[in-house]
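Single-structure report; data block below.
So you know, we letter chains A, B, ... as the sequences are listed, proteins then strands, and number each from 1. Note that the coordinates shown come from a computational prediction; the quantities given were computed from them, not determined experimentally.
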Amino acid sequence: MTIFHLIVFLPLLGAIVAGLFGRAIGDRAAMAATCVPMVIAAVLSWVGFYLIVHGGPVLVPLFTWIDSGSFEVSWALKVDQLTAVMLVVVNTVSAVVHVYSIGYMAEDPHKPRFFAYLSLFTFAMLMLVTSDNFVQLYFGWEGVGLCSYLLIGFWYERPSANAAAIKAFVVNRVGDFGFALGIMGIFLVFGSVSFDTVFQAAPTQVGKTIHFLGYDFDVLTTLCLLLFLGAMGKSAQLGLHTWLPDAMEGPTPVSALIHAATMVTAGVFMVARCSPLFEYAPTALAVVGVVGASTAIFAATVGLVQNDIKRVIAYSTCSQLGYMFFAAGMSAYPAAIFHLFTHAFFKALLFLGAGSVIHAMHHEQDMRNMGGLAKHIKITYVLMWIGSLALAGLPFFSGYFSKDMILEAAFGAHSTVGGYAFVLGMLAAVLTAFYSWRLLFMTFHGPRHEAHGHDAHGHDAHHEPHESPQVMLIPLYVLALGALFAGVVFAPMMIGEHMHEFWGKSILILENHTAMEAAHHVPLWVKLLPIGAGLLGIFVAFQMYIRKPGSGAALAKVNPGLYQFLLHKWYFDELYDLIFVRPAKWLGYKLWKEGDGRVIDGMGPDNIALRVAQLAKRAAGLQSGYLFHYAFAMLAGVAILVTYYFTTMMGH
Amino acid sequence: MIVQAIAFYLFAAVTVGSAFLVITAKNPVHSVLFLILAFFNAAALFVLMGAEFIAMILVIVYVGAVAVLFLFVVMMLDINFVELRQGFQQYLPFGLLIGAILLVELILILAGSIAAPDALAPAASPAPSLDQVTNTHALGAVLYTKYIYLFQGAGLVLLVAMIGAIVLTHRKREGVKKQDSFAQFARRREEAVELKKVEPGQGIQ
Amino acid sequence: MFVAKDLAPLVPELFVAVSAMVLLLYGVFAKGNPTRTVVWASVLVLVVALVLVWQVPAGRQAVLSGMFVTDSFTAVMKSLVLIGSAVSLVLSVGFIRQEEMERFEFPVLLLLATVGMMMMVSANDLISLYVGLELQSLALYVVAAFRRDSERSTEAGLKYFVLGALSSGMLLYGASLIYGFAGSTNFTDLAKLFAGGHGHVSVGLVVGIVFLAAGLAFKVSAVPFHMWTPDVYEGAPTAVTAFFASAPKVAAMALFVRAIISPFGALVAEWQQIIILLAGASMLLGAFAAIWQKNIKRLMAYSSIGHVGFALVGLAAGTSEGVRGVVVYMAVYLAMTLGTFACILAMRQKNGLVEGIDDLAGLARTQPGMAFALAVFMFSLAGVPPLAGFFGKFYVFMAAINAKLYVLSVIGVLSSVVGAFYYLRIVKIMYFDAPGEPFLHPMPRELGVVAAVASLFTLLFVVFPMPILNGAAMAAKALFP
């Protein structure tokens with residue numbers, strides 16, 4: 001029994017208690033049964049972080065899971081520095097979200113179920129980050145996917161929530177299919193699914209090819225691309241991103257936990273974990289970089305014109321995940337994980353702050369119906385400012401350290417992909433600052449826009465927005481601390497000079513991949529440019545929404561094509577609908593009616609089913625109920641068996 | 001020697017014949033009587049083999065108890081076996097066919113064993129030779145030692161049979177007087193007998 | 001001659017037998033209705049016996065003139081038997097009270113039947129095999145007819161008794177042929193006789209094995225010796241049916257495996273065909289005949305016939321791997337069956353228990369928990385991965401394929417496809433049909449606990465399979481020294 005057992009299994013315990021006995025023990029006990037273990041686990045994971053940083057990685061074997069021939073998989077907790085960082089992120093944010101939910105979900109009738117899902121999700125996420133082999137990783141991967149599905153569709157009475165849950169599940173299936181293929185491929189190539197074995201053997205596979213369908217594929221590139229396909233689905237990268245904004249149908253704490261801080265970063269974690277594979281597959285790394293940079297800019301542009309407060313933050317998440325991926329694509333894994341670390345705090349802060357706004361507005365999410373809230377909910381206002389400053393990467397806020405590092409690494413990579421990423425990343429930084437302040441200004445400043453006839457809450461139609469209770473604010477303070485200081489405290493350890501001692505063997509960077517080193521020696525203008533970009537974005541937002549309110553709408557009128565293009569998220573959903581959904585439906589309909597109904601059913605199942613039914617009637621008809629029939633059947637049976645033997649034995 | 005052979009064939013033939021009559025006799029009482037005859041002949045066969053203990057058990061238990069019990073049941077229930085045997089004709093051909101096949105095969109097997117007498121070699125007698133000890137002695141010597149496990153197991157089987165019989169048939173009926181030996185023993189003269197002085201010509205009130 | 005140390009391996013059996021007699025005496029002399037006390041005491045006895053089973057001297061011990069054997073196979077199978085008996089007793093608590101069967105002889109008979117099953121599992125001689133079998137069977141005949149005022153129950157008991165007697169006759173005939181042609185009834189001696197392929201294998205011996213297998217096939221209800229099963233399952237009181245479907249099945253299968261593998265392991269070629277025929281016919285009949293059933297108990301009867309067929313596939317392989325498959329299969333089957341019967345026993349409406357499959361309509365809306373548990377069992381019985389039932393089938397088919405029994409494997413896969421139809425029909429009825437009259441709510445606590453534990457086992461087998469797989473492998477190894 002180690003501290004890591006507790007860290008991983010306390011959330012499971014809470015989930016079991018609240019899930020199975022929630023109705024019996026009541027709401028309050030169910031909340032206590034999940035929140036208390038979660039907070040303990042969060043505190044312990046900081047202790048664990050300290051232990052790992054000073055004591056080196058540990059491997060905690062649990063038990064053998066599958067042992068079939070050469071395929072052996074054990075449950076074990078592999079806790080190295082990378083995992084320790086993830087444990088801190090997951091458990092801290094999860095604990096904060098648990099406590100916050102006590103206030104946010106106060107009026108929900110299904111509290112035990114909600115908290116059980118939350119804790120179960122946390123457990124699955126912990127399984128994912130502590131896995132020591134690909135199968136366990138996949139287990140956690142699917143576990144978080146399942147919990148995400150359950151939580152997005154938590155308000156299952158809403159059709160839109162159900163649709164969003166299904167969309168998230170289906171889109172993730174595409175990625176997971178690639179991921180599963182990748183894992184199978186790894187077993188095929190390396191004969192093992194254990195991280196240590198596979199990573200040790202990775203250099204031996206460099207340059208080898210796999211022959212498939214008449215083409216030769218580079219083994220490591222293929223494997224890495226398949227794995228990255230899984231990461232793209234889970235982390236909502238360009239192409240497979242469409243589920244993330246829709247996932248905002250779930251309760252806001254869920255968005256903060258799953259769709260900002262933890263699950264969506266699993267892809268980044270996985271790429272960092274598999275750095276010993278990716279490092280030997282430069283093509284795959286380039287793909288990671290390009291996809292990441294493209295996502296960063298794409299999501300930032302879409303974020304400019306969204307009106308739903310949560311969707312703005314969702315696109316912002318998507319964009320920031322893009323940053324992490326292109327950092328990974330430059331081999332700057334420490335920068336990627338460090339951004340993951342700081343981003344978890346300030347993005348969760350933004351989400352929970354938005355939740356506080358929504359709570360204050362009685363579940364109103366459209367920013368056009370807000371405005372002038374600053375004087376009503378001062379604390380939330382200040383906290384949102386802190387979060388936005390960190391997101392925009394203004395100096396001394398945590399986002400500044402991580403985002404700058406990523407951009408510098410992109411510059412320092414001195415490659416085409418690096419240049420592409422640097423330019424797009426810088427543009428995205430401007431846009432990020434712009435939409436963050438657009439959100440702040442639309443929500444908190446200007447005149448109050450009353451919502452008319454909008455009252456989903458069931459309360460009296462008009463009353464003043466109110467500040468959230470302490471149980472919701474205290475978690476925000478914790479996150480604000482992270483948003484303020486996580487960068488300045490941990491930057492020297494994780495991305496500074498002590499970087500190599502800190503990460504140890506958990507991340508592999510080849511000697512000739514120098515982006516991380518070069519990042520420390522870039523010209524001064526490269527270091528200053530991100531700050532300028534942030535300030536520029538804020539300035540433009542100030543101009544458009546405070547100095548000349550309405551100029552945004554005017555701009556949209558002048559450029560209707562561009563506005564519509566952005567408002568419809570580059571028409572991705574429409575495109576997918578046209579290319580995949582409708583043909584699939586058409587094909588499915590045809591296959592169902594014509595292919596299955598007429599051809600196959602007519603000849604196969606229906607025909608067979610008819611025969612089966614007839615046979616079944618006969619078989620059941622044997623059972624006459626008469627004793628002598630039964631006895632007779634037994635004697636006949638024995639006679640047949642004896643005769644069979646007699647004839648065969650006599651034969652030889 | 002020849003006397004023994006003649007006796008064996010006689011008893012064996014009567015056994016098989018009466019067994020056949022058990023299942024073909026129209027009157028169920030006759031069936032039971034033929035069954036008793038079969039038991040007697042089987043006992044005689046045991047005697048011929050020197051197994052007089054089992055022969056006596058067969059007579060005492062099967063003839064004395066079981067068959068007589070059968071007789072009682074058959075007489076009391078008055079089952080119409082003719083009715084039960086309806087449809088017999090219908091199934092007879094199949095039954096005969098299967099019976100005949102099995103019979104032929106079993107005969108062939110026995111013939112095969114004669115052809116290969118060494119097959120019996122590993123058979124070992126657990127009991128001492130009969131000319132040294134009596135039947136009963138030999139049985140007793142193994143029954144409570146070598147076969148104690150089976151003996152106790154059989155005891156359990158009988159216990160289950162007894163419990164089962166009671167469970168399935170015993171009913172507590174209201175208004176039935178039963179002997180209560182404890183009450184009988186506990187009863188004293190004063191409770192049971194009352195002395196009355198009877199005046200002549202008046203009777204007891 | 002025996003001495004006290006010979007009794008050490010026998011302690012669990014002695015304990016259960018003596019406890020049964022003590023409880024019998026207690027029941028006779030106790031005031032009021034002692035049934036509840038006796039039932040829970042019996043459960044306790046079985047649990048203690050479960051502990052004792054693992055306390056007997058380790059390794060292979062053949063005592064009492066080699067008639068009684070203990071090894072890891074007996075330990076594992078006896079554990080399954082004891083769990084099956086104990087859980088069936090727990091399931092019967094509410095039933096016997098509500099159905100006016102509350103008589104203390106019921107648990108006592110179940111205890112004695114359990115002793116018989118343990119003797120069967122440990123049998124190392126044709127005679128001890130027979131004694132154990134009869135002890136178990138006799139108790140089962142009685143409990144089948146336990147509701148003596150119900151025509152269905154008495155008919156079930158009588159049918160089972162008469163056909164059981166016939167099967168015992170066949171078994172004894174086979175045993176005497178084996179004794180006559182091999183000269184011994186002891187499994188160890190027989191194994192020595194045939195070891196290494198020498199020793200004369202006569203037709204008579206093989207025919208003896210055929211008769212023996214026929215008698216055993218009756219007890220596991222393999223086709224064509226299955227005819228009693230649907231009638232008895234339907235007619236017997238439901239709690240008794242639950243018992244029939246669990247512990248005796250496991251014990252009879254254990255006996256079947258032991259009586260075929262232990263003495264005749266070297267003669268695989270001679271007996272493999274019988275088992276293949278039994279297994280194939282059972283799988284097919286179990287799949288087809290269940291389709292039109294309207295009574296859920298009758299459906300479970302056909303289901304059990306089918307499952308016995310699947311388990312026999314493992315035996316047909318005749319390898320250690322195959323026996324491991326059988327043990328895994330029986331463990332999984334036990335959990336699924338007990339869970340299913342816990343749900344069936346909870347099908348109680350205002351006017352009493354119902355048994356129609358249609359009565360389950362819309363259960364998902366009225367009792368989502370029970371519907372979910374039952375759905376889990378149905379999916380598992382159908383063999384849908386990743387539930388436990390899938391792994392049961394997986395291991396026996398793996399063994400069969402490794403033993404080159406391709407045709408049998410194909411038949412097995414086909415019949416499990418057909419069988420899936422009627423299992424999934426139940427799920428469909430529960431989840432998509434309009435609700436009828438709801439069952440009394442909530443389900444009794446002991447039934448709920450059994451259903452919950454069994455469904456957790458079924459669901460989580462994929463995560464923690466090693467204890468069962470290792471136990472089964474250990475058990476199988478004991479039969480292949």
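A distance-only check finds no donor-acceptor pair linking the side chain of A:Y645 to the backbone of C:I209 [under 3.5 Å].
Distance CG/A:L627 to CZ/C:F161: 11.5 Å, rounded to 0.5 Å. Once rounded to the nearest 0.5 Å, the distance linking CZ of C:F225 with CG of A:L635 reads 8.5 Å. Between C:L277 atom CG and A:I640 atom CD1 the span is 9.5 Å, to the nearest 0.5 Å.
Heavy atoms of other residues, nucleotides or ligands lying less than 6.0 angstrom from CZ of A:F195 number more than 12. More than 12 heavy-atom neighbours from other residues, nucleotides or ligands sit within 6.0 angstrom of CZ on A:F154. By the neighbour-count criterion of 12 heavy atoms within 6.0 Å, atom OH of C:Y173 is sparsely surrounded, having that number or fewer from other residues, nucleotides or ligands. Atom CZ of C:F372 has 12 or fewer heavy atoms from other residues, nucleotides or ligands within 6.0 Å.
Neither the backbone nor the side chain of C:V223 comes within less than 4.5 Å of any heavy atom in chain A. Contact of C:M398 with chain A is not made at all, since no heavy-atom distance falls under 4.5 Å. The contact between C:L163 and chain A is made by backbone and side chain atoms together, counting heavy-atom distances below 4.5 Å. Neither the backbone nor the side chain of A:L20 has a heavy atom closer than 4.5 Å to any heavy atom of chain C. With a 4.5 Å cut-off on non-hydrogen atoms, C:F218 touches chain A through its side chain but not through its backbone.
When each of C:K159, C:Q273, C:E155, C:M227 is checked for heavy-atom pairs under 4.5 Å with chain A, C:M227 comes out on top. Highest contact tally toward chain A, considering only C:I274, C:L284, C:L158, is held by C:I274 [criterion: heavy-atom pairs under 4.5 Å].
Taking both residues in full, the closest heavy atoms of C:P224 and A:G637 are given as CG-CA, 3.6 Å, listed atom of the first, atom of the second, then distance. In plain terms, the two heavy atoms of A:V642 and C:F211 that are nearest each other are CG2-CE1, 3.8 Å.
Under the 4.5 Å side-chain criterion, counting only non-hydrogen atoms from C-beta, C:L166 is not in contact with A:Y630.
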